[in-house]
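The structure appears below as structure tokens.
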Amino acid sequence: MNPLRDGLIKERVPAPQVMVIFGASGDLTRRKLLPALYTLARERQLPSPFSVVGFARRPKSDEDFRGEMREGCDRFARRRPVDETLWSSFAECVFYQQGSFDDAAAYAALKTRMEEIDAKLGIPANRLYYLSTPPSAYPTIIDNLGAAGLVSRAYEPFTRIIVEKPFGRDLESAQVLNRQVKQVFREAQIFRIDHYLGKETVQNMLVFRFGNGIFEPLWNNRYVDHVQITGAEAIGVEGRGAYYEEAGILRDMVQNHLFQVMSLVGMEPPISMDSNSVRDEKVKFLRSLRHIPDGKVDEYVVRAQYASGHVLGESVPGYKEEPGVDPQSTTETYVALKLLVDNWRWANVPFFLRSSKRMPKRVTEIAIHFRQAPHQLFGNGTGKGPVPNVLSIRIQPNEGIALHFGSKIPGPTTDIAPVNMEFLYGTSFGNEPPEAYERLILDAMLGDSTLFTRDDEVEASWTFITRIHQAWAEQKKKQIPVFEAGSWGPSEADELLGEGMHWRRP
Ligand code: BG6
């Protein structure tokens, strides 16, 4: 099935525009952004006319840049091999502009270049900027764009800006960055990206909950016992040791990706699917998270580091042995949290989140654990009685949804065995789901910010996370627990759960 061809997807065609990628020499441009643009071209979803200008410090010709991007598409585009004819016409709209982020003259040159492209292709000065540089360069680029007259606050022609993560490293820096960017752009022009929101399965959370009548009545503290959200990766820090030392997994994965996923699980139904209605509900949910009481951080948050071990059959070094990592480091590469939500729907239903590098496998999953039946008729303590009812929503890989429940084992007894009802995207829809960046770039081109984080949302999640970092800083621990790479994490994390409860082994 091709959902676009079969009319299941409405075509959404953005207006002609020039996109400028700041930090075009970086990995993200080659691995994700250009392959996403190429795939959009292939699916005929790019605006027409359209052009993309890579902006970075290193001197390079348009041809050099196209060659590098072609190599990136050959390796990373979703649809491979790259189609020669399509690539030649796509490459004609790819340009490179050399410049330093702090050099006003470089922005004047960029302006001239874009005006030439506008005139040649007939583009009405619509602009989409993409900040894919180290975050320290964001304020300089934003100020220079403003000073060079490259930002119009008008609705037409439009100017928009996509800001890569991380958006700040704590509440204060996120607030400062929000103020800086809003001095030049209106909130509606700002697209703070979180690539998890571009994943099909994450978006399906809204459809699953609010497009069906049967799940929502169960989605509350009367029927749900607790929720587990797991973001596990088999990879380590992949040469990003120095970055990880500054970040840690709480900043790298939880403040953004896992909190976004959790908000979609926990939010109230929005009054409509417009961007502000959806984000209003997500912010409300984040604001209802109960702050961890002073002095109790260890009762709610477990942090740890991977030691050496074996992952997927390979022997791997421990975090402290990774290049760029301090041998005395106390930076967490594993974190598990117990979160309580102070609102009517979720009172007394804990949300358990965990994320880690060097787990046995890569899996991102939401698991809704339902309460047991109020009165037990089967099993009589034989171990063949009721099994927990769990709804597991697999975000990646093997995207799908499964309901786990108990069924009578055929035969003369009423013994119960766990069974599943399962939906798999691959089986139902055939096609591989689009890459997150394809959907998100297309949405920004269309001006639809539903799947991007709003200023107050980013600040609400940092408010919660920053308090944990502050509590950790006060503890001044000289070491944190370690666990063997390739295992499911430290035993301390089991104590976060109540008696008789277990982390899932997805
Ligand atoms: C990024 C993090 O935002 O997300 C990485 O910086 C992490 O550390 C990655 O590996 C995970 O993304 P995905 O899409 O592979 O789950």
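Quick note: residue numbers are just sequence positions, from 1. Indexing begins at 1, ligand by ligand and atom by atom, following the structure's order.
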* Identity and distance of the protein heavy atom lying nearest atom 16 (O) of ligand 1 -> Y196 OH, 2.4 Å

* Can you tell me which residue and heavy atom of the protein come closest to atom 15 (O) of ligand 1, and the distance to 0.1 Å? -> R362 NH2, 3.2 Å

* Asked: What atoms of ligand 1 come within less than 4.0 Å of a heavy atom belonging to D252?
  -> 2 (C), 5 (C), 6 (O), 8 (O)

* Report, as yes or no, whether the 6.0 Å neighbourhood of atom CZ on R58 holds more than 12 heavy atoms from other residues, nucleotides or ligands. => no

* Structure fact -> Here the atoms of ligand 1 under 4.0 Å from any heavy atom belonging to K199 are 13 (P), 14 (O), 16 (O)

* ligand 1 contact by T364, heavy-atom criterion under 4.0 angstrom -> no

* So does K361 pair up with E233, basic N to acidic O under 4.0 Å? -> no

* Asked: What atoms of ligand 1 come closer than 4.0 angstrom to any heavy atom of K165?
  -> 1 (C), 2 (C), 3 (O), 6 (O)

* **Protein heavy-atom partner closest to atom 7 (C) of ligand 1 - residue, atom, separation in Å** => E233 OE2, 3.5 Å

* Residues R439 and D443 bridged, charged N to O under 4.0 Å -> yes

* To do: Tell me, please: is E238 in heavy-atom contact with ligand 1, that is, under 4.0 Å?
  => no

* Asked: Would you say Y243 has any N or O atom under 3.5 Å from an N or O of ligand 1, going by distance alone?
  -> no

* Give the numbers and elements of all ligand 1 atoms closer than 4.0 Å to a heavy atom of R240. => 2 (C), 5 (C), 6 (O), 8 (O)

* Out of R345, K284, K282, which residue meets the side-chain hydrogen bond (donor to acceptor under 3.5 Å, both in side chains) rule with E268? -> R345

* Would you mind checking if K357 and E332 are paired as a salt bridge, meaning a charged N to carboxylate O distance below 4.0 Å? => no

* Asked: Does the ring center of F215 lie less than 6.0 Å from the ring center of F208?
  -> yes

* Which atoms from ligand 1 have a heavy atom of H257 less than 4.0 Å away? -> 1 (C), 3 (O), 4 (O)

* List the closest protein heavy-atom neighbour of atom 12 (O) of ligand 1: residue, atom name, distance to the nearest 0.1 Å. => H195 NE2, 3.2 Å

* Structure fact -> For K357, the atoms of ligand 1 under 4.0 Å from one of its heavy atoms are 5 (C), 7 (C), 8 (O), 10 (O)

* Can you list the ligand 1 atoms lying under 4.0 Å from a non-hydrogen atom of Q396? -> 13 (P), 16 (O)

* To do: Would you please indicate if the ring centroids of Y334 and Y319 are separated by under 6.0 Å?
  => no

* Asked: Between R209 and E216, is there a salt bridge with N-O shorter than 4.0 Å?
  -> yes

* **Within-4.5 Å side-chain heavy-atom neighbours: F210 and M273** => no

